[in-house]
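Every chain is numbered from 1, with letters handed out A, B, ... down the list of sequences. Here the structure is a predicted model, which is why all the values come from computation and not from measurement.
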2 protein chains.
Amino acid sequence: MARAVAETHDEILVAAARRFAASGYRGTSLQDIAREVGCSKATVLYHFATKEAILTELMAPAIDVLRDLDERIAAQRGGAAQRVAAEGFVDLAVRFRREIALLRGEFPELLQQPAFAHIQRISERLIDAFAGHSERPAARIAALVLLAGIPEACAEFVDVRDEELRPALLALVRRALEPVD
Amino acid sequence: MARAVAETHDEILVAAARRFAASGYRGTSLQDIAREVGCSKATVLYHFATKEAILTELMAPAIDVLRDLDERIAAQRGGAAQRVAAEGFVDLAVRFRREIALLRGEFPELLQQPAFAHIQRISERLIDAFAGHSERPAARIAALVLLAGIPEACAEFVDVRDEELRPALLALVRRALEPVD
DNA sequence: AGCATGCCTGACCGATCGGTCAGACCCTGA
DNA sequence: TCAGGGTCTGACCGATCGGTCAGGCATGCT
């Protein structure tokens with residue numbers, strides 16, 4: 001039953017998102033995705049060259065916004081950078097929390113793949129901005145707790161409304177981050 | 001070259017810890033562990049019934065302390081519970097950060113295994129204590145950010161001295177948590 | 001009608017996984 | 001000296017993984 005390409009393509013994406021969220025990227029096989037779509041595994045690989053290609057297409061919008069945030073932070077200096085980073089990151093985490101939930105805890109390993117190498121660098125710059133460009137361990141520790149904890153919390157509270165989640169996170173960040181000298 | 005059981009047993013544990021930390025539990029095969037020890041895969045399975053048995057033995061001390069903390073929290077009420085939970089959890093995360101690093105991000109999936117089912121319940125009670133037994137979303141969000149972020153930060157800063165890491169985390173928690181009414 | 005194009009599939013591939021098993025090897029006690 | 005038990009291993013198992021491939025089948029153009 002040959003249909004429009006785009007249709008099946010999107011169905012696979014939706015199914016993959018569901019499975020990744022339920023069992024993680026590694027824990028999901030192409031067979032699982034095919035079963036959810038109701039097609040063969042070969043069909044999945046007809047629409048996507050590799051399993052990884054599904055993941056990267058799924059994450060593409062979030063990654064674009066992340067890269068954009070990185071540039072906006074780089075354009076600031078001092079306290080402004082910290083504020084831009086905090087608001088931008090909370091915004092991004094809230095907006096893309098479904099995508100984040102897909103990768104529950106698989107970030108560390110996935111980031112080691114060359115396709116996501118630049119994300120690693122961006123996250124280092126984010127820590128730097130959160131820490132107010134300070135080298136003090138206490139500042140960097142607080143930055144990391146927030147940068148790791150916020151996505152996790154967003155993934156957990158998928159059902160909370162944006163208007164409730166965002167201000168709660170922003171208030172927390174403001175309390176938690178030491179103000180830049 | 002048959003040696004003392006305990007010797008090989010411990011070597012396997014140490015090797016497994018290294019590999020788990022480097023590639024995660026799923027990403028590490030029995031073959032990998034055997035190679036690191038310098039023995040055969042069959043030998044690994046002679047000393048441990050299953051791959052999961054290696055993990056549970058590796059995590060046993062940390063889990064014992066966690067269970068103990070849970071009981072100590074349950075014995076308190078109100079603001080005292082929040083303080084005990086905060087100090088106890090930071091202590092535990094700092095002390096066992098190497099064990100935590102083993103599972104970088106695989107917690108969500110591993111916790112679904114029946115062997116770790118009680119951990120799930122303990123972590124819910126921890127969130128509750130961190131949130132000061134409040135049902136307000138903002139309080140629970142802050143609690144989750146900290147509970148997820150602290151282990152991650154501890155795993156990242158493996159080389160920072162305990163005396164530096166612990167007070168920094170405690171100060172952060174005190175700033176971040178809303179005081180109980 | 002004939003043909004090309006595009007969507008889809010079953011069968012298959014090599015690799016790797018966790019786990020089993022019969023037996024080789026070494027040490028010890030009788 | 002020899003028997004027995006603890007330690008270890010190579011060979012093997014069935015299952016599953018991501019990925020390939022030749023061909024089936026509908027559609028639409030000539």
Side-chain angles (χ1 to χ4, degrees), chain A residues 1-59 102-103 105-106 109-110 112-116, chain B residues 1-59 102-103 105-106 109-110 112-116:
Chain A
M1 53 168 70
R3 298 170 304 167
V5 219
E7 202 173 325
T8 313
H9 182 97
D10 290 353
E11 274 185 35
I12 292 172
L13 275 184
V14 170
R18 262 200 300 267
R19 299 302 307 149
F20 288 166
S23 313
Y25 176 71
R26 289 209 178 185
T28 300
S29 69
L30 293 172
Q31 196 64 256
D32 291 334
I33 299 171
R35 195 180 307 121
E36 182 118 355
V37 174
C39 70
S40 74
K41 187 179 67 167
T43 299
V44 174
L45 285 163
Y46 170 76
H47 290 273
F48 296 87
T50 63
K51 186 188 177 189
E52 194 186 337
I54 305 178
L55 179 65
T56 53
E57 183 161 334
L58 228 30
M59 302 298 290
L102 298 187
L103 302 185
E106 294 185 290
E109 293 184 44
L110 291 175
Q112 287 177 359
Q113 290 186 246
F116 294 110
Chain B
M1 52 168 71
R3 297 170 306 165
V5 219
E7 202 173 324
T8 314
H9 181 95
D10 290 353
E11 273 186 35
I12 292 172
L13 274 184
V14 169
R18 261 200 301 267
R19 298 302 308 149
F20 287 166
S23 312
Y25 177 71
R26 287 206 181 187
T28 300
S29 69
L30 292 173
Q31 196 65 255
D32 291 333
I33 299 171
R35 194 179 308 122
E36 182 117 356
V37 174
C39 69
S40 73
K41 187 179 66 169
T43 299
V44 174
L45 286 162
Y46 170 75
H47 290 273
F48 295 87
T50 64
K51 185 187 176 189
E52 193 186 337
I54 304 177
L55 179 65
T56 54
E57 182 160 334
L58 227 33
M59 302 298 289
L102 298 188
L103 301 185
E106 293 185 291
E109 294 183 44
L110 290 175
Q112 287 177 359
Q113 289 186 245
F116 294 111

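- In the set C/dG19, D/dG19, D/dT9, the nucleotide with an atom closest to the side chain of B/Leu30 is C/dG19.
- Atom P of nucleotide D/dC12 and atom NZ of B/Lys41 are separated by 13 Å, given to the nearest angstrom.
- Computed from coordinates, the B/Glu11 CD to D/dT7 P distance equals 14 Å when rounded to whole Å.
- We find that CZ of A/Arg35 is positioned 12 Å from P of D/dG18, with the value rounded to whole Å.
- Nearest heavy-atom pair across B/Met59 and B/Leu102 is SD-CD1, 4.4 Å.
- Counting only heavy atoms from C-beta outward, the side chains of B/Val37 and B/Thr43 never approach each other to under 4.5 Å.
- Between D/dC17, C/dC8, D/dT9, one nucleotide has an atom nearer to the side chain of B/Tyr46 than all others, and that is D/dT9.
- In this structure, A/Phe48 places its CZ atom 14 Å from C1' of C/dC7, rounding to the nearest Å.
- For B/Ala42, the listed nucleotide lying nearest its side chain is D/dG10; candidates were C/dG18, D/dC17, D/dG10.
- In this entry the distance linking CD of A/Glu52 with C1' of D/dG19 reads 14 Å, nearest Å.
- For B/Lys51 and C/dG19, a side-chain-to-base donor-acceptor distance below 3.5 Å is absent, hydrogens and geometry of angles not being considered.
- Between the OG1 atom of B/Thr8 and the CD atom of B/Glu11 there is a distance of 6.0 Å, given to the nearest 0.5 Å.
- The distance between atom CZ of B/Arg26 and atom C1' of D/dT16, rounded to the nearest whole Å, is 13 Å.
- For D/dC8, the OP1/OP2 oxygens have no side-chain nitrogen or oxygen of B/Thr43 closer than 4.0 Å.
- Distance CD/A/Gln31 to NZ/A/Lys41: 6.0 Å, rounded to 0.5 Å.
- One finds a side-chain N or O of A/Ser29 lying less than 4.0 angstrom from the OP1 or OP2 phosphate oxygen of D/dC17.
- B/Lys51 and B/Tyr25 get closest at one heavy-atom pair: NZ-O, 3.0 Å.
- A/His47 has a side-chain polar atom (N or O) that falls below the 4.0 Å cut-off from OP1 or OP2 of C/dC8.
- The interatomic distance linking A/Glu7 (CD) with C/dC8 (C1') rounds to 14 Å, in whole Å.
- If you check D/dC8, D/dC21, C/dC8 against the side chain of A/Thr8, the one that comes closest is C/dC8.
- To the nearest angstrom, C1' of D/dT16 lies 10 Å from CD of A/Gln31.
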